[in-house]
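Accompanying notes for the structure given below.
The structure displayed is predicted, hence computed values, not measured ones. Remember, it's 1-based here, ligands and their atoms both numbered in the order they're listed.
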Amino acid sequence: MTKTLRLTTAQAIVKFLDNQYVSMDGKETKFVEGFFTIFGHGIAVGLGEALDSDPGQLKVFQGRNEQGMCHVATAFAKQMNRKKIIPCASSIGPGAANMVTACATATVNNIPLLVFPADTFASRRPDPVLQQLEQSSSLATTTNDAFKPVCKYWDRVTRPEMVMTALINAMRVLTDPAETGACCISLCQDTEGESYDFPEYFFRKRVHRITRPAAVEEELEDVAEVIAGAEKPLLIVGGGVRYSEAGEAVEKFCEEFKIPFGETQGGKSACRSSHPYCLGGIGVTGTSASNILAKDADVVIAVGSRMSDFTTGSKSLFKNENVRFVTINNSRYHAYKLDAVKAVGDARVTIEALAEKLRKRNYRSAYTDEIERAKAAWDKELERLGSIEYTGEDFEPLIKARDMRTIPEFVRLTDGKITQTAALAAINRTIDKNATIITAGGSLPSCMQRMWKTDKRGGYHAEYGYSCMGYEVAATLGVKMAEPDNEVYCVVGDSSFQMLHSEIMTIMQEKKKVNILIFDNCGFGCINNLEMNHGIGSIATEFRYTDGRKPTGDLIPVDYAKIGEGYGLKTYTCRTVQELTDALEDAKTQRTACLFDLKVIPKTMTDGYGSWWDVGIADVSEKESVRKASEEVMKERSEARDY
Ligand SMILES: Cc1ncc(C[n+]2csc(CCOP(=O)(O)OP(=O)(O)O)c2C)c(N)n1
Ligand SMILES: [Mg+2]
């Protein structure tokens, strides 16, 4: 007779998750750290009871906003290199819906995130239960169907015994390096509390192997053949290099065959910034070093990259007529991008096997001093960017502004005299070399991908797959939970901060010393730039009082330090780079979370450096400036690759 345990669905979930482990390169890690919850009637009595009565080794964290708590869990899993997760449970209806954006963020970035949104009654007895959607076309459709397009696995548990296959399948996806992303197990709220005689073996310790499948021999040969013919190859380091822990292997590969490499947002800090062949960020928000070499490259080797429009300059970056693309990716889907010659496999083992093949062919690129020259020119530019100071009324912005009243008005209102580029350089100079920095939406990831340097593997944590504003503050907590002994800093735009900073309260509750640097430039800076660059005026992107029809009045200053104070953070208002440097030094001595309100002059972010980004544009307009911008877009489009 099989031994059984009489448990509720929720009790079985907790017990199962407490017994899951992953193993990578022979090292075993307990997979589940705890649960993030925001309880409501849909979950408190079912899952709440299970976590209260017997959580096992699992910790219980209390979120503030369901999207925010999921971002914390996503950042934690990312910083743990996908070897540990914090499942997130919400109530039914709005609580569940709040998690949808975060699930998409995790899926786009290939980060494991397990969510349990509560659902309507399986019995349908209280139809409609409080917060039920009541979709008249089908009673089977609930809010939780909205998770389907944003999750890699979706299930709804209407009977207790269903949870066994649901959980095993969620584990299959969560621990699959090529397929991982958000997994949703929707829990009917009555089912949560219903019990079943679960076989005891369901709860035995399971070790899921995170494997390194090597590309097959034929594909390796195909790829080696293409690279062997390259005079000016260029390698792109994507997030897959980070998760495969292949940074060192890629560095060695590049050294041996003299191949320079550019970094995507996901791949940055997989390799050391100080590596002699590291060109820094590539693409729309890349450095001139990367983009100049990309222009002429005859073979582009994308390792673990999704080859997004930001990486390829909307497919316009690679101008060499005979350029060929090679992809190394554990996902066949991504490996097929740009019609590449592909090797489907883990980054590290595939790079190592490829090196063997190139060694046999005595391969070495034909670069002479192009790499050094491109890097030296960029370093000079970096020095210039890092030392740009406000020079008073005649200050020249880095980005063109149609509305020239903004800068003097901003300085008058806030007394802020920090330029964004000098601030980033000062932060990079001042903080500990072992610190991790976090960024996501707005102009900051662009500047950071260009300017930030770190030799700490995983020291640059950007969410730029979904570029989800509101990720930063929550992610800072997630990263700190993953690296409790390191200093953690997020750089966040004022608008992104406004959008979502609920988890500040959770940071205080968990007593985590993190550092939040708000770049207050009074608006959606990067989108304002986008408007200007495409010939339209400034419309609803600066924070200005409304005139009743449009926000065209005076700028609205905000005291972000006061918000931090309200939650009990140590706060600093910085109006000059010197004040910022002093504050950063002081913060190092603090034991509580710190918030920096930086008054950063609008239009002082980086721009340009030889790349183009394709965005939708009006092809008819009354405005001459829009017509001109539209013509330019059409011209660039005609020069970009079709697929
Ligand atoms: C959730 C979400 N909504 C909207 C956008 C579109 N968007 C991208 S950047 C941006 C403005 C960012 O402003 P801020 O955070 O202040 O950064 P800045 O560009 O000023 O540095 C907006 C609205 C987004 N990326 N994410
Ligand atoms: Mg802003």
- Item | Identity and distance of the protein heavy atom lying nearest atom 9 (S) of ligand 1 | Cys526 SG, 3.3 Å
- Query: Heavy atom under 4.0 Å from ligand 1: found in Asp494's side chain, backbone, both, or neither?
  - Reply: both
- Residue among Asn521, Thr419, Asn529, Thr406 satisfying side chain to side chain donor-acceptor pair (under 3.5 Å) with Lys603: Asn529
- the Mg ion (ligand 2) to Asp494: any N/O/S contact under 2.8 Å? yes
- atom 11 (C) of ligand 1 - nearest protein heavy atom and its distance: Phe524 CB, 3.4 Å
- Message: Closer than 2.8 Å to the Mg ion (ligand 2): does that hold for any N, O or S atom in Gly493?
- Response: no
- Message: Using heavy-atom distances only, which candidate in Met605, Glu472, Gln67, Met469 approaches atom 4 (C) of ligand 1 most closely?
- Response: Met469
- For Ser495, atoms of ligand 1 separated by under 4.0 Å from a heavy atom: 13 (O), 14 (P), 15 (O), 16 (O)
- Query: Atoms of ligand 1 less than 4.0 Å from Gly493 heavy atoms?
  - Reply: 14 (P), 15 (O), 16 (O), 17 (O)
- Message: Leu500 vs His71, test: side chain to side chain contact (heavy atoms under 4.5 Å, CB included). Steps then yes/no.
- Response: CA-CA 11 Å; Leu500 184 62; His71 286 329; 4.0 Å; yes
- Query: What atoms of ligand 1 come closer than 4.0 angstrom to any heavy atom of Asn521?
  - Reply: 18 (P), 20 (O), 21 (O)
- Among Lys635, Arg637, Lys315, Arg641, whose salt bridge (charged side-chain N to carboxylate O under 4.0 Å, His left out) with Asp614 holds? Arg637
- Query: Going by atom types alone, do Thr105 and Glu463 pair a side-chain donor with an acceptor below 3.5 Å?
  - Reply: no
- Based purely on interatomic distance, does Gln420 place a nitrogen or oxygen under 3.5 Å from a nitrogen or oxygen of ligand 1? no
- Item | Per-atom contacts of ligand 1 with Gly442, taking only distances under 4.0 Å to non-hydrogen atoms | 9 (S), 12 (C), 17 (O), 19 (O)
- Note on the structure: re atom 21 (O) of ligand 1, the protein heavy-atom contact at minimum distance is Ser443 OG, 2.6 Å
- N/O separation below 3.5 Å, Gly523 to ligand 1: yes
- Query: Looking only at distance, does Gly525 have an N or O less than 3.5 Å from an N or O of ligand 1?
  - Reply: yes
- Over all atoms of both residues, closest heavy-atom pair of Leu113 and Ala106: CB-CB, 3.7 Å
- Task: Run the numbers on Thr606 and Leu398 for side chain to side chain contact (heavy atoms under 4.5 Å, CB included), then give the verdict.
- Result: CA-CA 7 Å; Thr606 59; Leu398 282 173; 5.5 Å; no
- Message: Please determine whether a side-chain nitrogen of the Lys or Arg among Lys588 and Glu585 lies less than 4.0 Å from a carboxylate oxygen of the Asp or Glu.
- Response: yes
- Query: For atom 25 (N) of ligand 1, which protein heavy atom lies nearest, and how many Å away is it?
  - Reply: Ser467 O, 2.8 Å
- Message: Glu263 and side chain to side chain contact (heavy atoms under 4.5 Å, CB included): which single residue from Ser305, Ser269, Cys278 fits?
- Response: Cys278
- Task: Please work out whether any backbone atom (N, CA, C, O) or any side-chain heavy atom from C-beta onward of Met499 is under 4.0 Å from ligand 1, and answer side chain, backbone, both or neither.
- Result: side chain
- Could you give me the CA-CA distance, side-chain angles and deciding distance for Arg450 and Glu381, then say whether salt bridge (charged side-chain N to carboxylate O under 4.0 Å, His left out) is met? CA-CA 11 Å; Arg450 291 190 177 107; Glu381 172 64 359; over 6 Å; no
- Task: Could you check atom 8 (C) of ligand 1 against the protein and tell me its nearest heavy-atom contact, residue, atom and distance included?
- Result: Ile527 CD1, 3.7 Å
- Do side-chain atoms of Thr107 reach the backbone of Val150 as a donor and acceptor pair under 3.5 angstrom? yes
- What protein heavy atom sits nearest atom 15 (O) of ligand 1, and how far off is it? Ser496 N, 3.0 Å
- Message: Classify the ring geometry of Tyr572 against Phe596: parallel below 30°, tilted from 30° to 60°, perpendicular beyond 60°.
- Response: parallel
- Query: Closer than 2.8 Å to the Mg ion (ligand 2), do we get an N, O or S atom from Ser443, backbone or side chain?
  - Reply: no
- Task: Using the six-membered ring wherever Trp is involved, compare the ring planes of Tyr471 and His461 and label them parallel, tilted or perpendicular (cut-offs 30° and 60°).
- Result: parallel
